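Here the structure comes first, spelled out in structure tokens, and everything after it is commentary.
Since the model is a prediction, treat every value here as computed from it, not as a measurement.
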Amino acid sequence: MVRRLLYLVRLLLFFILVFFIGKIIFVLYNANGGPESCSMADFREVVRHGFSLDFSTSLYFVVIPLLVVLASLWVKSWKVLRGGLKVYYLLIALLVALAVVADAALYEFWHFKLDSSFFQYLDATGDAFASVSTGYLVVRLLAVALLVWAIWKGLVKITPQELSVLSIGKRVTGTLICLLLIPLMVIGIRGGFDVSTTNIGQVYYSENQFLNHSAVNPVFSFLSSLDKVSKANETEKRYHFYESGELEDYRSRLFAGGGEVPADTLLNTRTPNILLVLMEGCGGRFTYLRGDTVTMPHLLALSREGIAFDSCYANSFRTDRGLVCALSGYESFPTVSVMKVPSKSNALPSLARSLKRAGYSATFVYGGDANFTNMRSYLMATGYERIVAQEDFSGEERGSSKWGVTDSITFSRTLELYEEAVAAGNPVFMTLLTLSSHEPWTVPYSRIADDPIKNSFGYLDWCIGKFMTRLKQSPAWDNTVVIFVPDHDIALQSSDPGSSHIPQIWCGGAVRSPRVISTLCNQNDLPATLLGQLGLEHGDFAFSRNVLSSGYREHLAVHYFNNGFCVWDDAGFSMYDFNADAVMKEIPESSPERIRCAKAVLQMVAEDFSGR
């Protein structure tokens, strides 16, 4: 049995070695100075950060050999089993060789990691091959063949020629060991016991995207994208409602852009320090928007002393989707999470990137796992220089919440980081994503003991109150604008017109005066509206509208739920379900044009997304 186990260990180490060599190939092929460069110190970090994906992918490949080893305990003909393994090795060698060579070769053209978008070009091979010479193709095909041969030979050499037949007692013991290894391998493949599973974003560590991409395992990138990118690429076909001319008419109406910012701007400076607080699940139901003055009294007070957008709606229903809406001003989809497709999400505009161009520093603070749903990948690719997440807190702090570090601790850390950044002199953009107002609704707070959900939001409000009290006493206050907006509402789907109605509040010393803005808008209008107030260009935010601009005339807000959407205009509300292919509810009366506008928006975004 020892010989069998040593075989599995050698196999695992061999695959890790192959992926290490793959990283060398990728870096040597693509590192050409400038942004795409990699020193020896950089390469060590690439290997260190990329190891988790290499290990997880290697474990995938060892699963079949483990099952063969288990079978060998009871099947006497090892020669037959070994022959089957040789065929398996050939398939794996072909997969790995193609992934390594294609990833390195295509990166110079694509500048993102190999994924299943590769299949988009199979029906246009003539155009693709026209851009390279025959010699170019021959050299790379030879490289694939050589790598296939080397990997296959190495795997065959590792595999024992003969395995002895064991006694019944040793067979039973060996079977138990193999059965115990299966769940251990599943845990390794999954990436441990954390909430997030193994994903590409977990290896992102640098502002230099080339280093992040160098760390990503190409086989994992390709296999993990099969479902996500196929769904993403279906969006353009699935949501095709209008021909181009009619669609452009809707675009000119709904996303006209332009217009002058009113003279009574919201801020008293063009270069405030900005604190953006994304409140987990904090829809209108527990706030002043729905008449609840008890659950979140501090937020109510802030709405009265600052600027309250009281007709704002969440664009989606999950954190990964809501972040992209708020930070990139990008519409969501009914069935696709943009953040989970790095080749697409990493190309989006973002507040962080736009503000960095204006001299701002950009930091993101989250008490949870920043690798969840490829969050780290998205944040770093779109301009955040620093991400402070649960691993940056002590072990005791990390255990303070089911999801990581409880909000009172992250608010306190955020204030410390914010004051340090402001003291450094450059304009500051800092984002905090809270997490405690989330199931299982367990928080270190008990003001509303009979309702754990309300109590969780009461705790978030208590944290906000403490945070704002301390911030008002800080020298940083006078030049600060704090923006509170949720990532989404906690309702996943509802025919209630008030569902997904969310607070958006701007407050701080940089706010000119209290006021209420009742203009209908989405949370993805935040980037264009904020950048407009700062006098900064925001034309790359194609689906974010400056709602304070005189050019914003066609008021519309859309919320996407699973395979459907809700839409509001100044006349009312409609709910449409794609499963039923029907309008499910309308208030006050039928409005086909409202539905048509929402479908036009969805088609525009689907076309944009497919083209990225």
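- Side chain of D369 to main chain of Q390: no donor-acceptor pair is present (N/O by atom type, distance under 3.5 Å, no hydrogens or angles).
- Using modelled atom types, one finds a donor on one side chain and an acceptor on the other under 3.5 Å when comparing T406 with S436.
- Note that CZ of F543 is 5.5 Å distant from OH of Y330, once rounded to the nearest 0.5 Å.
- Each side chain to side chain donor-acceptor pair (under 3.5 Å) pair with one or both residues in residues 12-27, not counting sequence neighbours, appears once here: K23-D54.
- Stacking of R321 on the aromatic ring of F333 is not recorded, the 6.0 Å distance cut-off and the 45° axial limit not both being met.
- For F565 and H559, the gap between ring centers reaches or exceeds 6.0 Å.
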Side chain to side chain contact (heavy atoms under 4.5 Å, CB included) between Y60 and L223, intermediate numbers included: CA-CA 11 Å; Y60 268 113; L223 295 177; over 6 Å; no
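- Taking the six-membered ring for Trp and the full ring otherwise, H49 and Y205 have centroids separated by under 6.0 Å.
- In this structure the side chain of T373 never reaches within 4.5 angstrom of the side chain of T319, judged on heavy atoms.
- In this structure, R376 pairs ionically with E391, as a charged nitrogen and a carboxylate oxygen lie closer than 4.0 Å.
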Apply side chain to side chain donor-acceptor pair (under 3.5 Å) to the pair D320 and S337, showing each step before the final yes or no. CA-CA 7 Å; D320 54 310; S337 170; 2.4 Å; yes
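- Looking only at atom types and distance, the side chain of T431 has no donor-acceptor partner in the side chain of Y366 under 3.5 Å away.
- A donor-acceptor contact under 3.5 angstrom links the side chains of T159 and Y89, judged on distance only.
- No donor-acceptor pair closer than 3.5 Å links the side chain of S332 to the backbone N or O of N315.
- When ring centroids are compared, F26 and Y107 come within the 6.0 Å threshold.
- Using a 4.5 Å heavy-atom threshold, the side chains of P334 and Y239 count as touching.
- S56 contributes a side-chain N or O that, together with a main-chain N or O of I189, makes up a donor-acceptor pair within less than 3.5 Å.
- A side-chain donor-acceptor contact under 3.5 Å links D42 and S39.
- Using a 4.5 Å heavy-atom threshold, the side chains of F61 and V96 count as touching.
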Could you walk me through whether E397 and S394 pass the side chain to side chain donor-acceptor pair (under 3.5 Å) test, one step at a time? CA-CA 5 Å; E397 290 171 328; S394 69; 3.2 Å; yes
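- Between the K344 side chain and the V338 main chain, no donor and acceptor come within less than 3.5 Å of each other.
- Between Y459 and S408, some side-chain heavy-atom pair lies under the 4.5 Å cut-off.
- Looking only at distances, a side-chain donor or acceptor of R82 sits under 3.5 Å from a matching main-chain atom of P160.
- The aromatic ring centroids of F51 and F19 lie 6.0 Å or more from each other.
- Annotation: side chain of V101 is in contact with side chain of L147 (closest heavy-atom distance under 4.5 Å).
- A cation-pi arrangement is not found for R386 relative to Y384, the charged atom failing to lie both closer than 6.0 Å to the ring centre and inside a 45° cone about the ring normal.
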What verdict does the side chain to side chain contact (heavy atoms under 4.5 Å, CB included) test give for L323 and L433, after you've listed the backbone C-alpha separation in whole Å, the side-chain angles of each residue and the deciding distance to 0.1 Å? CA-CA 9 Å; L323 284 184; L433 172 61; 4.1 Å; yes
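- The side chain to side chain contact (heavy atoms under 4.5 Å, CB included) test with S437 is passed by exactly one of N455, L460, I453: L460.
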